[in-house]
Number of protein chains: 2
Amino acid sequence: MTEDATGTDMPAQPEVPARMAAARGSRNDHTRRHNLSSLVTAVHYGGPLTRAQLTRDTGLNRSTIGGLVTELAELGLVIEDAAAETGAVGRPSLIVRPRVDVAALALHPDVDALELGAVAIDGTVVARRRTSVDAPPTPADAVAFAREAARDIAAEMPGLRVVGAGAAVPGLVAIDGSTVVAAPHLGWRDVDLGAALAEVFDFPIAVGNDANMGLRAEWSFGSARGVDTVVYLNGSASGIGGAALVGGRMLRGGRGYGGEFGHMMIRSDGDRCSCGRSGCLETELNAHRLDAAAHDAPAFDALASTLATAIANLECAFDPDLVLLGGYLGALFDARRDLVAARVRELAFRPDAEDVAIARARLGRNRLLIGAAERAFAPLLEDPAGVPLVAL
Amino acid sequence: MTEDATGTDMPAQPEVPARMAAARGSRNDHTRRHNLSSLVTAVHYGGPLTRAQLTRDTGLNRSTIGGLVTELAELGLVIEDAAAETGAVGRPSLIVRPRVDVAALALHPDVDALELGAVAIDGTVVARRRTSVDAPPTPADAVAFAREAARDIAAEMPGLRVVGAGAAVPGLVAIDGSTVVAAPHLGWRDVDLGAALAEVFDFPIAVGNDANMGLRAEWSFGSARGVDTVVYLNGSASGIGGAALVGGRMLRGGRGYGGEFGHMMIRSDGDRCSCGRSGCLETELNAHRLDAAAHDAPAFDALASTLATAIANLECAFDPDLVLLGGYLGALFDARRDLVAARVRELAFRPDAEDVAIARARLGRNRLLIGAAERAFAPLLEDPAGVPLVAL
DNA sequence: GGGTATATGTTCTCTGCGGGAACATTTTAA
DNA sequence: TTAAAATGTTCCCGCAGAGAACATATACCC
């Protein structure tokens with residue numbers, strides 16, 4: 001039995017999938033939206049920029065930029081300041097800066113703590129509330145904490161205008177961006193956290209996997225800033241979280257479970273993993289084993305070598321511009337940089353002698369807050385005039 | 001040493017990567033281009049469509065569609081026919097069909113043969129020339145063959161207007177879409193095939209990896225039609241080629257070497273692979289072993305199980321909507337469907353009981369020609385008015 | 001066979017948006 | 001003080017799609 005190896009005729013194609021069908025028509029107001037989006041995106045990631053800079057970057061006309069910036073100012077998203085002294089010839093250009101009273105909330109429920117932050121549109125964490133918990137919090141705990149902490153922050157920062165909230169959850173989140181399908185360490189299963197939070201807040205909620213949001217943060221303001229193709233591995237008490245950026249887009253997968261590199265098989269004769277399989281990366285290289293090997297150089301080296309194997313495997317699948325390591329994997333890498341690099345060089349499938357770039361994540365405790373907030377900001381960046389801001 | 005766990009302040013961001021900077025401004029003619037592109041894309045993938053259908057799909061106005069279709073007809077890309085009898089009330093809508101004299105060439109140099117095809121814009125292979133070779137062809141052989149075969153096809157089909165050519169090469173192709181960095185089975189290394197072909201042809205050349213182009217073809221007109229997230233594995237004499245679609249986009253990687261799943265480690269104590277590592281999928285599961293196990297059920301089952309392991313591993317990394325198998329992997333799957341499915345179910349990292357969809361590629365010998373042609377058509381689909389068509 | 005309802009093609013006008021020219025403003029340099 | 005350079009502002013133009021009005025082609029009903 002072989003594949004259809006028919007002649008020149010093609011089979012009939014009754015159904016046309018959405019992506020292949022005629023895209024929704026583009027109208028003039030789409031143009032406007034796109035241009036507004038470009039400007040907000042630029043000041044979001046790039047901070048204050050002059051109008052002249054925006055004119056050059058976009059290729060749009062001075063007059064057009066003027067109109068767009070005016071509209072953004074009226075929307076309350078940016079402020080125009082008089083220029084700083086530049087020393088250059090000519091009339092100084094006005095400086096467009098994002099208004100830092102525009103913010104997003106970010107929730108991070110974890111095994112041992114609940115945290116809520118407010119992140120301004122320039123990526124700074126402007127407020128933070130954290131509470132340690134003895135037992136893993138229930139969804140209701142998380143929602144109640146979020147409501148109280150938000151109320152508290154609102155009192156502290158009365159002028160804050162909120163675009164939405166993001167929640168970074170250590171577990172599998174469905175593609176709907178709302179349902180936590182399984183968060184083993186929290187003991188959650190099929191919890192619609194987005195709906196629960198929506199009952200407490202008046203703005204949109206985006207729920208996502210913590211590793212995805214961590215990578216998003218590092219891409220936006222951290223070690224992976226602007227890098228198009230990134231593989232991210234983060235080691236924490238709850239195992240190894242993974243995420244990948246592919247061509248500038250987050251790898252999500254069909255159901256939202258993409259990037260679970262903690263469960264890639266790294267040793268065919270490895271130990272049993274909690275997921276039911278054997279030899280998963282997060283079983284072979286977990287915090288416990290790392291602690292145990294802390295004073296045993298050969299064992300520690302072996303773990304570094306395991307990390308290198310995982311990196312090499314991901315390298316041949318993704319060919320990333322950068323492999324980013326966070327949590328205890330970042331620490332392990334820092335402790336054995338040369339060994340890891342050498343081992344990856346040895347194992348990596350590469351036609352050239354160029355090394356795989358490996359770096360350590362650097363946003364630390366701000367990472368998940370920033371990442372979750374980035375998710376919440378995304379609709380605003382895409383359609384600045386179409387997303388309402390509400391008082392917290 | 002820990003990651004920067006600073007307070008609320010963000011580090012300064014001196015450089016802004018291109019993706020984050022203000023995007024190029026959108027002008028009115030971008031709108032036009034986008035809409036023309038939508039229509040050509042729709043008839044390319046969906047075949048003949050009525051104007052009324054296009055109006056509904058795009059949401060554009062009847063009058064706008066009229067103008068767009070007229071422009072496409074003037075460009076020689078589509079033809080409007082009187083409606084077929086539909087039996088419906090009302091004036092019958094005109095049928096817009098792609099002009100099949102618009103074509104792309106597709107070259108496939110392989111170990112044992114050279115093949116050139118002409119593929120019409122509706123995806124049909126309208127001409128084909130093939131020659132078997134005793135020894136792997138040199139780049140010069142491939143170019144000479146392409147020139148002669150193209151001349152031959154031109155004589156046979158005088159009216160053909162060509163948008164470009166694609167070449168599907170069994171090896172690593174650089175991100176530039178021109179240079180074959182390494183094609184071990186052909187014995188090519190650092191060959192700028194695109195430049196060599198450009199000296200012979202008057203149209204743009206796109207060179208790519210054969211697995212990528214195979215998946216592109218199956219996505220366009222085959223088993224993976226329109227599926228957003230696909231992992232593809234193809235077994236051939238030259239090993240196992242891999243490719244992936246992520247969110248509707250081909251996984252390319254930073255240098256163009258993404259998707260080399262043939263070299264993912266599948267057994268930590270496996271045999272030495274030609275790439276220098278051990279236990280690579282294409283070493284553990286190659287054509288030779290498959291032949292050897294043809295009459296040994298347990299050995300054959302073991303190979304099927306190896307395939308299942310690979311699928312499960314890819315599943316946890318990509319969470320694909322579909323795993324597509326071609327070549328001997330497709331045959332192996334067909335011979336042991338239940339075993340593979342059961343083993344994948346057992347190994348796959350999934351929170352739900354839903355099975356991973358696995359299918360066999362079905363375009364057969366047309367696959368690489370169609371895929372390579374798709375690459376060549378891409379610029380035309382994106383900017384129908386901006387890409388010249390030349391006589392072959 | 002003729003009239004009506006329905007759907008679509010065609011034409012014309014209107015609106016929104018970006019481009020660009022001309023002019024105003026603000027700085028540096030001579 | 002004047003000139004040059006760069007940018008902001010204003011006003012007008014052209015392009016593209018929306019939509020109304022009208023023309024055309026089919027099915028259905030009598």
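The chains referred to below are lettered A, B, ... by the order of the sequence lines, with proteins before strands, and numbering in each begins at 1. Keep in mind the model is a prediction, meaning the values are calculated, not measured.
Identified under the ring pair (Phe, Tyr, Trp, His ring centres under 6.0 Å) test for residues 372-392 of chain A, with sequence neighbours left out: His44(A)-Phe377(A). Residue pairs meeting the salt bridge (Lys or Arg N to Asp or Glu O under 4.0 Å) criterion with at least one member in residues 61-80 of chain A, sequence neighbours excluded: Arg32(A)-Glu71(A), Arg51(A)-Glu80(A).
Under the 3.5 Å distance criterion, with hydrogens and angles disregarded, no donor-acceptor pair is assigned to the side chains of Ser37(A) and Glu382(A). Between the side chains of Thr31(A) and Thr31(B), a donor-acceptor pair is found at a separation under 3.5 Å.
When the P atom of dG17(D) is taken as reference, atom CG of Leu54(B) falls 14 Å away, rounded to whole Å. If you measure from atom CG of Leu36(B) to atom C1' of dG17(D), you get 13 Å, rounded to the nearest angstrom. Whole-Å rounding puts the Arg56(A) CZ to dG8(D) P distance at 10 Å. In this structure, Glu80(B) places its CD atom 12 Å from C1' of dT10(C), rounding to the nearest Å. Atom pair Arg32(A):CZ and dA16(D):P shows a separation of 19 Å (rounding to whole Å applied). Separating the CD1 atom of Ile65(B) from the P atom of dG19(D) is a distance of 14 Å, rounded to the nearest angstrom.
Judged by distance alone, the side chain of Thr58(B) and the main-chain N or O of Leu60(B) form a donor-acceptor pair under 3.5 Å. Arg225(A) contributes a side-chain N or O that, together with a main-chain N or O of Ser220(A), makes up a donor-acceptor pair within less than 3.5 Å. Arg99(B) contributes no side-chain N or O that, together with a main-chain N or O of Leu77(B), makes up a donor-acceptor pair within less than 3.5 Å.
Nearer to the 5' terminus of DNA chain D, by closest-nucleotide assignment, is the contact made by Thr70(A) (compared with the other of Leu68(B) and Thr70(A)). In this structure, Thr64(A) and Gln53(B) both approach DNA chain C, and ranking their closest nucleotides by distance from the 5' end singles out Gln53(B). If Arg62(B) and Arg62(A) are placed on DNA chain C by their nearest nucleotide, the residue sitting closer to the 5' end is Arg62(B).
Here Gly87(B) lies in heavy-atom contact (under 4.0 Å) with sugar-phosphate atoms only.
Using a 4.0 Å cut-off, some side-chain N or O of Asn35(B) falls inside it from OP1 or OP2 of dG17(D). Residue Arg51(B) places no side-chain N or O under 4.0 Å from the OP1 or OP2 atom of dT8(C).
For Asn61(A) and dG20(C), a side-chain-to-base donor-acceptor distance below 3.5 Å is present, hydrogens and geometry of angles not being considered.
For Asp81(A), the salt bridge (charged side-chain N to carboxylate O under 4.0 Å, His left out) criterion is met by Arg97(A), not counting sequence neighbours. Judged as a side chain to side chain contact (heavy atoms under 4.5 Å, CB included), and not counting sequence neighbours, the contacts of Asp176(B) are Ala174(B), Ser178(B), Thr179(B).
Considering only the side chain of Ser63(A), dT10(D) comes nearest among dT10(D), dA16(D), dG18(C).
Note on the helix from dG1(C)-dC30(D) to dA30(C)-dT1(D): angle between the axes of the first and last five pairs equals 0°, rounded to 10 degrees.
For the segment residues 89-97 of chain A, the set of residues with a heavy atom within less than 4.0 Å of an atom of DNA chain C comprises Val89(A), Gly90(A), Arg91(A), Pro92(A), in numerical order.
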